[in-house]
Amino acid sequence: MVTIEVSIKSSSKKYNIQIGKNIRQELYKYLSERYRGKKAVIVTDDNVNKLYGASLYRGIVEAGMKCRLISFSPGEKSKSLQVLSGIYEDLAGFNADRGDIIIAFGGGVAGDLAGFAAATYLRGISYIQLPTTLLAQVDSSVGGKTAIDLSSGKNLVGSFYHPEIVFIDTLFLNTLEDRYLRDGMAEVIKYGCIKDKSLFDRLSDYENLQQCIADMDELVCTCCSIKRAVVEADELDRGERMLLNFGHTFGHAVEQYYNYEKYTHGEAVAMGMAEITKRSEEMGLTERGTAKALADILKKYGLPYEIPVANKKDLINVMRRDKKFSGDSIRLVLLNKLGTAFIMKAKSEELESFLDTTGDARED
Ligand code: GLY
């Protein structure tokens, strides 16, 4: 087991990320030592519930707690006010109080939703992140971003609210569909692009996803260490942390354009990273050869590297509602070269120049 400590200066809060195989056993020990006799509320989706809900519930009851499990339909559409309101009602119906604990169990949607419920129910109760997808293990379970979506955009209502502890059990990845492993690989590749050329090279050197999976514990630790350093430097996303949004401005727009139905988050981010790097390289802002290396690695991991929207200008209207917009400008994350990134302010009318419109109307 590896432990990474996250230290948040603004609130002097510290919490651990524990990573390893079958680490859920450590969760039961943790709950038994600190929460025996209290209530635990598991918030998860129906897919994770089917696979692991009953055993997690049993483990928690055996740790000496009363337990309630709340399950919602899988997918981004559940990050809604309506589902959140159902969670509040369930928490209240179970008489959960500030001494009890919420367990965010699942992928990014479960983490964001349960985390935001924890941040706001009774003005804040503690929660634990128990992520089951690669994307949640390397990114969304760490750093305290919690949110729900509005019809006008993703993550528009939320808070920075850190978990009490994160348990990353890499055995959960064994039941993850191939598409969702690849989805998480987009974020792993992102860390290599923005912060760690040796990680990028390592991922390039694997012959295929299977070889990479054999080293997954170590890769998850590398990503969480990078994320820890970024979050410690800029908890509230005012500078350094924005680098984590590499590929996300276009990515969120693609997700939303297709109503969260066609592409996963990681697939959309992959397209966003490739698209912006192609243009920034053409503009002379990024070292030559970077866009090709990035497209090659995305291909290797079965990720898309072109935005297939027929008229990419349509994406700009979607982007205008992005919360990263401030006044009439947005901060874009670009690569200097593999392993280092920078933030560039772009006016809304300049955004078009970062989209490659040469193939527009060719396909959708
Ligand atoms: N997922 C991006 C962040 O945590 O800032």
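Excluded from the calculations below are hydrogen atoms, water molecules and symmetry mates; all remaining heavy atoms, backbone and side chain alike, are included. Positions are given from 1 along the sequence. As the structure lists them, so they are numbered: ligands from 1, and atoms in each ligand from 1.
Electrostatic pairing of R241 and E235 does not count as a salt bridge here, judged by no charged N lying under 4.0 Å from a carboxylate O. Taking 4.0 Å as the cut-off between side-chain N and carboxylate O, D149 and K154 do not count as a salt-bridged pair.
The number of heavy-atom neighbours closer than 6.0 Å to OH of Y206, taken from other residues, nucleotides and ligands shown, is above 12.
Not close to ligand 1: D237, with no non-hydrogen atom less than 4.0 angstrom away.
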- Check the pair F172 / F105 against ring-ring contact (aromatic ring centres under 6.0 Å, His included), numbers first and verdict last. CA-CA 11 Å; F172 285 129; F105 184 41; 5.6 Å; yes
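Around atom 4 (O) of ligand 1, the closest heavy atom drawn from K227, E240, H248 belongs to K227.
Among all non-hydrogen protein atoms, the one lying nearest atom 5 (O) of ligand 1 is R241 NE, 2.7 Å.
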